Amino acid sequence: MIKGWVAGRRDHGGLIFIDLRDRSGIMQVTLNPDNHPDAHAIAESVRSEWVLEIEGTVESRPEGTQNNSMATGTIELNANRLVVLNESLTPPFYIQDDIDVDESLRLRYRYLDLRRPSMYKILELRSKVTKFIRDFLDAKGFLEVETPILIKSTPEGARDFLVPSRMQPGSFYALPQSPQQLKQLLMVSGIEKYYQIARCFRDEDLRADRQPEFTQLDLEMSFVSEDDVLDLTESLYTEMIKTILPDKKLTCPFPKLTYKQAIDDYGSDKPDLRFDLKMINITEIASKTTFNVFLNTIKSGGQIKAIVVPKEGSASNNVIRQLTKLAGDCGAPGLAHIRFKGEEILFSPGLSLDNSLLEELRNTVKVTGSDLVLIMGGPQSSLNSTFSAFRTGVAIQFDLIEPDSLAFAFITSFPLFEWDTTGKRWTSSHHPFTAPRDEDMPKLNSGDFENIDSKAYDLVCNGMELASGSIRIHDRATQQKIFEILGHQKADIKERFGQMLEAFEYGAPPHGGIAPGIDRLIAILSDTDSIRDVIAFPKTQSGNDLLFGSPAVVDDVQLRDLGINLNNT
RNA sequence: GGCCCCGUGGUGUAGCGGUUUAACAUAUUGCCCUGUCACGGCAAAGAUCGUCGGUUCGAAUCCGAUCGGGGUCGCCA
């Protein structure tokens with residue numbers, strides 16, 4: 001006996017075929033009027049998405065009627081009894097994979113959208129991943145601890161979602177941006193190894209990879225070094241993927257790049273390492289040319305960088321045109337190139353290098369054969385982001401991305417502080433509890449804040465930031481010093497972080513952790529572009545839930561209870 | 001907050017100032033059909049073109065505003 005939804009029905013006048021779908025797949029049911037007229041009669045009225053219960057015998061299909069494009073294509077259920085458990089309206093869109101329907105319609109009827117096998121597969125993958133995480137960390141002695149969803153607003157970083165208090169009108173809870181402070185307090189409590197699959201909330205503008213509420217694996221350990229955290233993270237990911245998705249290709253051990261290396265080589269702190277295409281600084285060589293575009297860029301403080309696309313030296317003019325357009329789309333003012341085409345060398349218009357300079361370039365960028373060299377210039381900051389985007393485009397253009405590859409890498413030694421040019425103050429690049437690197441500790445007092453590196457690290461994969469963490473500060477004096485540098489007033493510090501500082505005076509162990517984003521991980525593992533596809537009930541870019549219609553106005557009574565007046569603007 | 005793209009029967013598209021009674025596919029409904037699996041055949045029904053305003057003799061088509069969706073920059077400790 002099987003139960004499920006009608007995915008399709010083919011009525012041949014006599015014989016009726018019904019494709020019945022349940023979460024395990026699709027099974028063809030045959031109804032023959034000669035053998036079981038009652039069941040056949042009911043089947044005549046059945047429509048798409050009706051819910052049926054069917055009894056019969058599973059048989060192999062007659063010779064010549066097998067369907068190789070279907071998992072159950074060699075068998076069928078010969079029905080002798082059919083019960084309609086429920087009827088269905090005609091669905092607003094097809095319940096099948098590879099549909100091309102407006103996303104807002106899918107979200108409006110999300111329960112039908114999730115009925116599609118590909119969506120089920122994603123939810124199933126997600127469930128397997130979180131189960132694997134729990135089993136893995138449990139086996140390593142971690143304790144899963146839940147932390148409150150109603151906490152206190154600590155304005156710093158992202159905007160908080162606020163929840164008004166009825167019992168104390170005028171006061172508000174905040175939803176946690178992450179359980180950061182709570183997990184550090186758990187370290188002070190002696191938990192030693194904590195984790196939680198935690199919901200986080202940030203009231204910021206949304207993107208394909210950002211939702212107002214999202215899920216992180218939050219974890220923290222006492223008495224650990226940076227390498228301890230990274231090793232654990234690496235084995236979690238590699239074993240997870242080996243177990244759940246053995247066909248994915250990954251490189252182990254994960255490469256470690258410092259922040260500076262990542263920026264220098266790839267122009268990004270989340271480089272896509274599925275392909276090489278390193279940026280090479282050729283400012284010095286460019287300064288010796290007579291090419292005015294380069295010279296002017298250098299004169300105004302800019303740099304010239306190149307990438308080598310191996311074996312593409314014979315790229316056509318048309319390809320060069322496409323690349324030039326791509327460069328423009330990425331924000332570059334222009335694109336110069338050199339095509340090494342065997343003995344022949346083609347320069348982009350206006351550019352030329354004499355033999356010795358050409359040799360120098362060849363050695364610097366390591367041209368070995370018939371390669372294509374692409375060159376861009378600009379002010380350092382914008383050149384990096386432009387080049388980084390361009391790099392990805394070039395990889396797509398020349399098909400350099402191997403399918404199913406997962407290029408993980410750790411990015412380490414982020415700067416501890418960033419200068420906020422609008423606020424004219426130092427801010428934490430990670431968060432204010434991040435420890436400086438030991439060798440940079442003296443700079444906290446010497447004032448060379450810009451050059452203090454931190455014990456913060458990210459895990460990146462395929463050009464996306466997947467996790468972020470740090471070794472924390474555990475002594476009060478250093479923490480106090482950091483707050484001072486960040487420009488917090490004493491009263492202010494006490495108000496926002498008093499509970500942390502106080503706790504740290506009662507024997508806080510050295511500790512550190514990491515917080516891998518679950519939504520982005522599932523998106524990468526399931527080859528989807530948007531994390532909306534891996535969240536059962538996501539919100540739109542403007543934060544609307546199209547199914548429930550939230551956010552929504554509430555009763556005056558509810559507002560009055562909360563002591564809230566709306567100003568009707 | 002800025003910039004860009006999209007909005008036409010249930011769904012996906014075409015039409016981009018007047019031969020349009022808005023086209024096509026699919027879904028839907030009815031009839032026919034006993035081995036299909038994107039079943040097939042015949043027929044029917046179904047959209048005042050997101051909304052409001054303007055330009056014009058005439059607007060799905062041009063302009064403006066607005067709403068909804070998407071992408072992106074800012075933002076996201």
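Below, chain A is the first sequence line, B the second, and so on; all start at residue 1. Quick caveat, the model's predicted, so the values are computed rather than measured.
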Exercise for the section: Check the distance between G35(B)'s C1' and Asp11(A)'s CG and give it to me in whole angstrom. Expected result: 13 Å

Handout entry: C1' spacing across the pair G74(B) / G10(B), given as an integer number of angstrom
Key = 40 Å

Exercise for the section: Using the C1' atom as the reference point in each nucleotide, state the distance between G46(B) and A22(B) in Å, no decimals. Expected result: 13 Å

Handout entry: CD/Glu146(A): more than 12 non-hydrogen atoms of other groups inside 6.0 Å
Key = no

Problem - Closest-nucleotide 5' rank along RNA chain B - winner of Thr90(A) and Gly73(A) - result: Thr90(A)

Problem - Euclidean distance for C1', C49(B) against G35(B) (whole angstrom) - result: 43 Å

Handout entry: P gap between U11(B) and A27(B), integer Å
Key = 15 Å

Exercise for the section: Identify whether the distance between the nearest side-chain nitrogen and carboxylate oxygen of Asp113(A) and Arg108(A) falls below 4.0 Å. Expected result: no

Problem - Trp419(A)-Trp426(A) aromatic ring centre distance below 6.0 Å - result: yes

Practice task
Could you work out which one of G12(B), U29(B), C75(B) sits closest to the side chain of Arg47(A)?
Solution key: U29(B)

Problem - Min side-chain heavy-atom separation Leu459(A)-Phe408(A) under 4.5 Å - result: yes

Practice task
For His431(A) and for Phe17(A), locate the closest nucleotide of RNA chain B by heavy-atom distance; then report the residue assigned to the nucleotide nearer the 5' terminus.
Solution key: Phe17(A)

Practice task
May I ask you to say what Glu418(A) touches in the nucleic acid, namely base, sugar-phosphate or nothing, with a heavy-atom cut-off under 4.0 Å?
Solution key: nothing

Exercise for the section: Round to the nearest Å and state the distance from Gln28(A) atom CD to U34(B) atom P. Expected result: 17 Å

Handout entry: Distance, rounded to the nearest Å, where Ile18(A) contributes CD1 and C37(B) contributes C1'
Key = 13 Å

Exercise for the section: For U26(B) versus A38(B), give the span between their P atoms, rounded off to a whole number of Å. Expected result: 14 Å

Exercise for the section: Using a heavy-atom cut-off of under 4.0 Å over every strand shown, decide if Arg61(A) touches base, sugar-phosphate, or nothing. Expected result: base

Problem - Nearest-Å distance for atom pair CG/P, residues Leu112(A) and A27(B) - result: 18 Å

Fill in the blank from the handout: d(Glu220(A) CD, Gln180(A) CD) to nearest 0.5 Å is 6.5 Å

Handout entry: Any donor-acceptor N/O pair under 3.5 Å between C39(B) base and Arg9(A) side chain
Key = no

Practice task
Identify whether any heavy atom of Gln96(A) sits under 4.0 Å from a base atom; if not, whether one sits that close to sugar-phosphate; answer base, sugar-phosphate or nothing.
Solution key: nothing

Exercise for the section: Please work out if Thr427(A) contacts a base, only the sugar-phosphate, or nothing of the nucleic acid, heavy-atom cut-off 4.0 Å. Expected result: nothing

Fill in the blank from the handout: Contact string for nucleotides 65-74 of chain B, one letter per nucleotide 5' to 3', B = base within protein heavy-atom range under 4.0 Å, S = sugar-phosphate only, - = neither, reads ----SBBBBB

Problem - Rounded distance (Å) that lies between atom P of C76(B) and atom CG of Asp269(A) - result: 14 Å

Protein and nucleotides 4-10 of chain B: nitrogen or oxygen contacts under 3.5 angstrom:
| unit_1 | atom_1 | unit_2 | atom_2 | d |
| --- | --- | --- | --- | --- |
| G10(B) | O2' | Pro92(A) | O | 3.2 |
| G10(B) | N2 | Tyr94(A) | OH | 3.1 |

Fill in the blank from the handout: Checking N1-N3 plus N6-O4 or O6-N4 for Watson-Crick, or N1-O2 and O6-N3 for wobble, each under 3.5 Å, the partner of C39(B) is none

Problem - Separation between the P atoms of C5(B) and G64(B), rounded to whole Å - result: 12 Å

Problem - Residue Tyr173(A) excluded, over 12 heavy atoms near OH under 6.0 Å - result: no

Exercise for the section: Answer yes or no for this row: His12(A) ring on C33(B) base, centroids under 5.5 Å, planes under 30°. Expected result: no

Exercise for the section: State whether the number of non-hydrogen atoms from other residues, nucleotides or ligands found under 6.0 Å of Lys481(A) atom NZ is greater than 12. Expected result: yes

Practice task
Can you tell me, in whole Å, how much space there is between the P of U8(B) and that of C62(B)?
Solution key: 15 Å

Practice task
Write down the distance between NE2 (His36(A)) and P (U34(B)), rounded to a whole number of angstrom.
Solution key: 19 Å

Handout entry: Pair Arg110(A) + Asp545(A): basic N to acidic O under 4.0 Å
Key = no

Handout entry: Euclidean distance, atom CG of residue Asp100(A) to atom C1' of U26(B) [Å, nearest integer]
Key = 13 Å

Handout entry: Atom CG of Asp34(A) with >12 non-hydrogen neighbours under 6.0 angstrom
Key = yes

Exercise for the section: Mind checking Glu465(A) for me? I need base, sugar-phosphate or nothing, with any heavy atom below 4.0 Å counting as a touch. Expected result: nothing

Practice task
Kindly say if Arg10(A) contacts the phosphate of U36(B), meaning a side-chain N or O under 4.0 Å from OP1 or OP2.
Solution key: no

Practice task
Find the partner of C3(B): check Watson-Crick (N1-N3 plus N6-O4 or O6-N4) and G-U wobble (N1-O2, O6-N3) distances, both under 3.5 Å, and reply none if neither fits.
Solution key: G71(B)

Exercise for the section: Provide, to the nearest angstrom, the distance between the CD atom belonging to Glu44(A) and the C1' atom belonging to G30(B). Expected result: 13 Å

Problem - Integer angstrom distance from the P of C3(B) to that of U48(B) - result: 33 Å

Practice task
Provide the Watson-Crick or G-U wobble partner of G18(B), both distances under 3.5 Å; none if there is no partner.
Solution key: C57(B)

Exercise for the section: Look at atom CZ of Arg23(A) and say whether more than 12 heavy atoms of other residues, nucleotides or ligands are closer to it than 6.0 Å. Expected result: no

Exercise for the section: Using both distances under 3.5 Å as the test, list the Watson-Crick or G-U wobble partner of A45(B), or none. Expected result: none

Handout entry: Ion pair check, Lys443(A) and Glu450(A), cut-off under 4.0 Å
Key = no

Handout entry: Pairing of Arg81(A) and Asp38(A) as salt bridge, 4.0 angstrom limit
Key = no

